[in-house]
Amino acid sequence: MSFSADVKMEICRDEPGKKCCALAEAYGVLLYANSFTMRQIRIITESDAFAARLPRLFRRAFGVTFDILPPEDKTGKRSFSITDGDKLHTVFSAFGYDPGRTVAHHINLALVENDCDRVAFLRGAFLGGGSVTDPAKRYHLELVTSHASVCREVHALLLEMGFEPKDSKRGASFITYFKQSGAIEDLLTTMGAPICAMEVMQTKVEKHMANAINRLTNCDMANADKITDAARSQLDAIRAIEAGPGLGSLPPVLQDTALLRIANPSCSLSDLAQLASPPVTKSCMNHRLRKLMEFARGVR
């Protein structure tokens, strides 16, 4: 099951509430549905939970039933239709449309004045034309409608609710979308899917932890490479001294340092400083090794 299906299932767990909320939710569904005209209402969904909710929602909002229902054993895409003129008249009248005139779809703001109605409207819009990507892949939630005016008005509605959506156009569709994980978490919670919102949050934390571990690993590898390169250069210098005047030509302190490096070719500067007898500071050990390198350059 997709993440979108999980979200829609969670949203549909609660039954349609007050009549005004059911009406607002159905409004969102229809403005984002496949077809919402004076001749036909058609809603297509692949969500099992939404398919089960739709007939109850329309009875609660309008007191009407669908003329065409998908078979009970139908899976995948399912289509719900209303073509009866009286039923269509009832639905359009509930939203303040004049059934005798051509409809240019706009949001009747009187139906979404209350906070609960706005939330219900967004819930319906998502169920009717929304999707959200699996957060493990990327962060993306969108609402898709065929009505440009509805897209603009939903954008404004979301701004009033404290969200910051973006809009785009894809073919004949108008899209309101979010790409910030925090905004998606908040919107899912608002629409009634807090468990899925927590999944987005948890996935984000896991991604941040994985990125932090990768950075630390890369940093450790880079440091190990630096230690290896430095030790190799120091050993090359010591071999040059051995091949020339010999280690006996070195001052006692540098001679001890050379022998310490030969015995511990892979140790870091800090570890080498602690192995000295007596132990010295990292800065002191670094100074001695630089002296060895200078001596070797003179020999070469």
Are a donor atom and an acceptor atom from the side chains of T65 and K87 found within less than 3.5 Å of each other? yes

Sequence neighbours excluded - side-chain hydrogen bond (donor to acceptor under 3.5 Å, both in side chains) pairs with any residue from residues 15-39: E15-R56, E25-R53, E25-R123, Y27-Y97, N34-R42

Less than 4.5 Å apart, side chain to side chain, heavy atoms only: is that true for V144 and S131? no

Between the CG atom in D67 and the CD1 atom in I41, the distance rounded to the nearest 0.5 Å is 9.5 Å

Give a yes or no on whether a salt bridge exists between D229 and R232, defined as a side-chain N under 4.0 angstrom from a carboxylate O. yes

Test item: side-chain donor near acceptor, S268 and D271, under 3.5 Å: yes

For A33, give me all partners under side chain to side chain contact (heavy atoms under 4.5 Å, CB included), at least two apart in sequence or on another chain. I43

Shared hydrophobic cluster, L259 / L235 (ILVMFWY, side-chain heavy atoms < 4.5 Å): yes

SG of C21 to CZ of R60: how many Å apart, nearest 0.5 Å? 9.0 Å

Using the ring of each side chain (for Trp, its six-membered ring), is F95 parallel, tilted or perpendicular to F62, with breaks at 30° and 60°? perpendicular

Taking NZ in K137 as the centre, count heavy atoms belonging to other residues, nucleotides or ligands within less than 6.0 Å. Is the count above 12? no

For P252, the side chain to side chain contact (heavy atoms under 4.5 Å, CB included) test, sequence neighbours excluded, returns none

Between R118 and E113, is the closest basic N to carboxylate O distance under 4.0 Å? no

Determine yes or no for a side-chain-to-main-chain donor-acceptor pair under 3.5 angstrom, with R261 supplying the side chain and C267 the backbone. yes

Using a 4.5 Å cut-off on heavy atoms from C-beta on, say whether the side chain of L54 contacts that of F50. yes

How far does OG1 of T83 sit from CD of Q40, to the nearest 0.5 angstrom? 7.0 Å

Output, in order, the C-alpha distance, side-chain angles, deciding distance and verdict of side chain to side chain contact (heavy atoms under 4.5 Å, CB included) for L127 and C12. CA-CA 9 Å; L127 290 172; C12 291; 3.8 Å; yes

S79 and S81, any side-chain heavy atoms less than 4.5 Å apart: yes

In terms of heavy-atom contacts, does NZ of K179 have more than 12 from other residues, nucleotides or ligands at under 6.0 Å? yes

Side chain proximity check, D134 to S2, heavy atoms < 4.5 angstrom: no

Within-4.5 Å side-chain heavy-atom neighbours: L188 and L141: yes

Using the benzene-type ring in the case of Trp, are the ring centres of F92 and F36 under 6.0 Å apart? yes

If the threshold is 4.0 Å, N to carboxylate O, is there a salt bridge linking R78 and D48? yes

From CA spacing to verdict: side chain to side chain contact (heavy atoms under 4.5 Å, CB included), K291, T257: CA-CA 10 Å; K291 287 291 185 181; T257 301; over 6 Å; no

Do L272 and I262 land in one hydrophobic cluster if side-chain heavy atoms of ILVMFWY residues count as linked below 4.5 Å? yes

Taking only Lys NZ, Arg NE, NH1 and NH2, and the carboxylate oxygens of Asp or Glu, determine whether D236 and R239 approach each other closer than 4.0 Å. yes

Return yes if some donor-acceptor pair links the side-chain N/O of N114 with the main-chain N/O of C116 below 3.5 Å, else return no. no

Kindly say whether C196 contributes a backbone atom to a donor-acceptor pair with the side chain of E10 at under 3.5 angstrom? yes

Non-neighbouring partners of E199 that pass side chain to side chain contact (heavy atoms under 4.5 Å, CB included), sequence neighbours left out: F3, T203

Looking only at heavy atoms, the pair that brings D86 and D84 closest together is N-OD2, 3.1 Å

Residues 151-202 vs ring-ring contact (aromatic ring centres under 6.0 Å, His included), sequence neighbours excluded, gives H140-Y177

In sequence, state the C-alpha distance, the side-chain angles, and the governing distance for V119 and M161, and then conclude on side chain to side chain contact (heavy atoms under 4.5 Å, CB included). CA-CA 9 Å; V119 170; M161 296 174 70; 4.3 Å; yes

Answer with yes or no whether the hydrophobic clustering places I82 together with I68; edges join I, L, V, M, F, W, Y residues whose side-chain heavy atoms lie under 4.5 Å apart. no

Say you draw a straight line from OG1 of T176 to CG of L143; how long is it, rounded to the nearest 0.5 Å? 6.0 Å

Would you say the side chain of S266 lies within less than 4.5 Å of the side chain of T228, judging by non-hydrogen atoms? no

Do F121 and L23 have side-chain heavy atoms sitting under 4.5 Å apart? no

The side chain to side chain contact (heavy atoms under 4.5 Å, CB included) partners of C284 (sequence neighbours excluded) come to V280, T281, R288

Between E185 and V200, what is the shortest heavy-atom contact and its length? CG-CG1, 3.7 Å

Evaluate the side chain to side chain contact (heavy atoms under 4.5 Å, CB included) criterion for residues M38 and H89: first the C-alpha distance (whole Å), next the side-chain angles of each, then the deciding distance (0.1 Å), finally the verdict. CA-CA 8 Å; M38 291 298 182; H89 185 282; over 6 Å; no

Check for a donor-acceptor pair, side chain of S93 on one end and backbone N or O of T90 on the other, with a separation under 3.5 Å. no

Out of curiosity, L275 CG to M285 CE, how far, rounded to the nearest 0.5 Å? 8.0 Å

What distance separates S168 OG from I175 CD1, expressed to the nearest 0.5 Å? 4.0 Å

Side chain to side chain, L157 and R152, heavy atoms closer than 4.5 Å: no

Side-chain (T145) to main-chain (L31) donor-acceptor, under 3.5 angstrom: yes

